[in-house]
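Atom set for the values below is all heavy atoms of this structure, side chains included, hydrogens, waters and symmetry mates excluded.
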Amino acid sequence: MKIRLMPRTLSGKWSVVLSILFIILIWLKMEYSIHVMTFAIAAIGLAGFIISIIAIVKNKDRSIISFLPVLVGLIIILWIIGEMIYPH
């Protein structure tokens, strides 16, 4: 089985784009305090996570970059669980 660097399917490419958009927006929010709701930014990251899972499982898109949205999505899920357990 040959492992590629970039995703082949459209859903794999969209998941990577959404994940990179999440990373850029969260960095801008922390660095320059842009006025975008954190919930909206997290929703973008979770959408990339769900699309990435679909691309990996259904479309068998097993590229290295396709696993970035999975990692980002797991971090978002852990962050949401942490906020529910220890709210501020």
Side-chain angles (χ1 to χ4, degrees):
M1 183 167 103
K2 187 175 180 181
I3 297 179
R4 300 174 186 253
L5 181 65
M6 297 301 289
R8 294 176 306 173
T9 62
L10 185 62
S11 58
K13 292 175 184 176
W14 267 105
S15 66
V16 171
V17 167
L18 288 174
S19 183
I20 291 172
L21 181 65
F22 166 79
I23 292 170
I24 291 170
L25 286 175
I26 206 72
W27 177 76
L28 287 173
K29 180 141 177 101
M30 289 189 304
E31 195 68 29
Y32 299 108
S33 67
I34 61 171
H35 298 289
V36 178
M37 293 187 303
T38 307
F39 175 76
I41 298 173
I44 291 171
L46 287 176
F49 171 72
I50 292 169
I51 294 172
S52 177
I53 294 294
I54 291 171
I56 291 171
V57 173
K58 183 179 175 189
N59 300 334
K60 309 263 189 287
D61 192 3
R62 305 237 195 296
S63 62
I64 295 173
I65 303 292
S66 293
F67 291 101
L68 172 71
V70 174
L71 178 66
V72 169
L74 290 176
I75 290 171
I76 295 169
I77 290 171
L78 287 174
W79 172 66
I80 290 171
I81 291 171
E83 284 291 327
M84 289 188 338
I85 292 175
Y86 301 109
H88 13 166

Under a single-linkage definition using a 4.5 Å side-chain heavy-atom cutoff for Ile, Leu, Val, Met, Phe, Trp and Tyr, are [X] and [Y] assigned to the same hydrophobic cluster?
| X | Y | answer |
| --- | --- | --- |
| Y32 | I26 | yes |
| V36 | L28 | yes |
| F22 | I75 | no |
| L78 | M84 | no |
| I23 | M37 | no |

Can you name the closest pair of heavy atoms from [X] and [Y] and give their distance?
| X | Y | answer |
| --- | --- | --- |
| I76 | G45 | CD1-CA, 3.6 Å |
| F49 | P69 | CD1-O, 3.7 Å |
| M6 | I65 | SD-CG1, 4.0 Å |
| D61 | G12 | OD2-CA, 3.7 Å |

Checklist entry - Going from OG on S66 to NZ on K13, what distance comes out if it is rounded to the nearest 0.5 angstrom? => result 10.5 Å
Item to check | Point-to-point distance, once rounded to the nearest 0.5 Å, from OG of S11 to CD1 of I56 | outcome: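 Answer for the OG-CD1 pair, S11 versus I56, is 9.5 Å.
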Next on the checklist: Which residue is it: I24, L18, V17? I am looking for the one with a side chain to side chain contact (heavy atoms under 4.5 Å, CB included) to I20.
Outcome noted: I24
Next on the checklist: By the definition side chain to side chain contact (heavy atoms under 4.5 Å, CB included), identify the one residue from I51, I54, I50 that meets it with S15.
Outcome noted: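 When side chain to side chain contact (heavy atoms under 4.5 Å, CB included) is applied between S15 and each of I51, I54, I50, only I51 qualifies.
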Checklist entry - Going through the checks in order, is the side-chain contact (heavy atoms from CB on, under 4.5 Å) test met by I80 and L46? => result CA-CA 11 Å; I80 290 171; L46 287 176; 4.0 Å; yes
